[in-house]
Amino acid sequence: MQDVFDSDSSSHGSLVSRYQGLLQRLRTAEKRFDRPNNSVCLVAVSKTYPARDIRAVAQEGQQDFGENQVRDALAKFPELGDLNRTWHFIGPIQSNKCRDIAQNFDWIHSVERLKIARRLSELRPAEMEPLNILLQVNLQNEVTKAGISPDAVSELAATVLELPNIRLRGLMAIPAPENDFDRQRSIFSRLRELQERTSQQLGISLDCLSMGMTDDLEAAVAEGTTHVRIGTAIFGPRQKRGTEDPD
Ligand SMILES: *Cc1c(COP(=O)(O)O)cnc(C)c1O
């Protein structure tokens, strides 16, 4: 939860205590839903926050960070190279950004087009580990939301599997806001079932599910998430980015 009384949201002490609080919340959820301790990866979504905040959280032991704008992320990376952290790209992907993404990130959660998957595969340097890919699914067929229809997952997954230099790991979704815990669970269970069905159909084992944010983390843990994506609950309220183009 955001602390409205904390005017200096990037002050070191409150950042660290928010981070530790969130970690504790995640570990508590694992315990409550019989998930092994430490089995859910926390992706700390550091978009819009400065490199010094990322460094402070990294110093607490955080390994995985998420960014959703290429330009923003690339501006910070030179200051953070010594940290050797794992970078997740979670935003919309434009073709002309595929090279930067393929060269600088370890995971991409937001693939929704074959053309983009092909480019990422082509542009991933062969000497690097394969890029880990998740397909973003529009679970509720919301017109304004990114992601492919659940019906299209199997076909896209089958083609993506054939590409070199990338490794298909699973599915990602951002459901519409929903306060009721049981309804949150039931939506997440659809992504899990889709994942299981796709794995069966293709005879492979997709092992990752990227689902769960600040307000539905527990429901996601209950339904088998492997990656939760949390920003403001760790780093504090975000400044609006303004109206410039996303990239
Ligand atoms: C920004 C973002 C998050 C984190 O949202 P917060 O409200 O900052 O916790 C998670 N997933 C995606 C895809 C995002 O773009």
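First listed ligand is number 1; within each ligand, the first listed atom is number 1. Heavy atoms only: backbone and side chains are in, while hydrogens, waters and symmetry mates are out.
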Thr214 heavy atoms within 4.0 Å reach ligand 1 at atoms 9 (O)
List every atom of ligand 1 that sits less than 4.0 Å from any heavy atom of Ile174, numbering the atoms from 1 in the order shown and giving each element.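 Near Ile174, the atoms of ligand 1 are 13 (C).
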Original post:
Mind checking whether Pro130 and Asn165 have side chains closer than 4.5 Å, heavy atoms only?
Top reply: no
Give the residue, atom name and distance (to 0.1 Å) of the protein heavy atom nearest [atom].
atom                    : value
atom 12 (C) of ligand 1 : Ile90 CD1, 3.5 Å
atom 7 (O) of ligand 1  : Thr232 OG1, 3.4 Å
atom 11 (N) of ligand 1 : Arg229 NE, 2.9 Å
atom 4 (C) of ligand 1  : Gly231 N, 3.7 Å
atom 5 (O) of ligand 1  : Met213 CE, 3.6 Å
atom 2 (C) of ligand 1  : Lys47 NZ, 2.6 Å

Connected to Val45, directly or through other members, by ILVMFWY side-chain contacts below 4.5 Å are Ile90
Apart from Val43 itself, members of its ILVMFWY cluster (side-chain separation under 4.5 Å) are none
Among Gln184, Arg32, Arg25, Arg185, find the one that has a side-chain hydrogen bond (donor to acceptor under 3.5 Å, both in side chains) with Glu218.
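So, applying the side-chain hydrogen bond (donor to acceptor under 3.5 Å, both in side chains) to Glu218 and each of Gln184, Arg32, Arg25, Arg185, only Arg25 qualifies.
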Verdict with supporting geometry, Arg169 and Leu206, side-chain contact (heavy atoms from CB on, under 4.5 Å): CA-CA 5 Å; Arg169 299 296 297 271; Leu206 297 175; over 6 Å; no
Here the gap from Thr198 atom OG1 to Leu135 atom CG, rounded to the nearest 0.5 Å, amounts to 8.5 Å
Handout entry: Any donor-acceptor N or O pair under 3.5 Å, side chains Ser189, Glu223
Key = no
- Message: Check contact between Arg238 and ligand 1, using heavy atoms of the residue and a distance below 4.0 angstrom.
- Response: yes
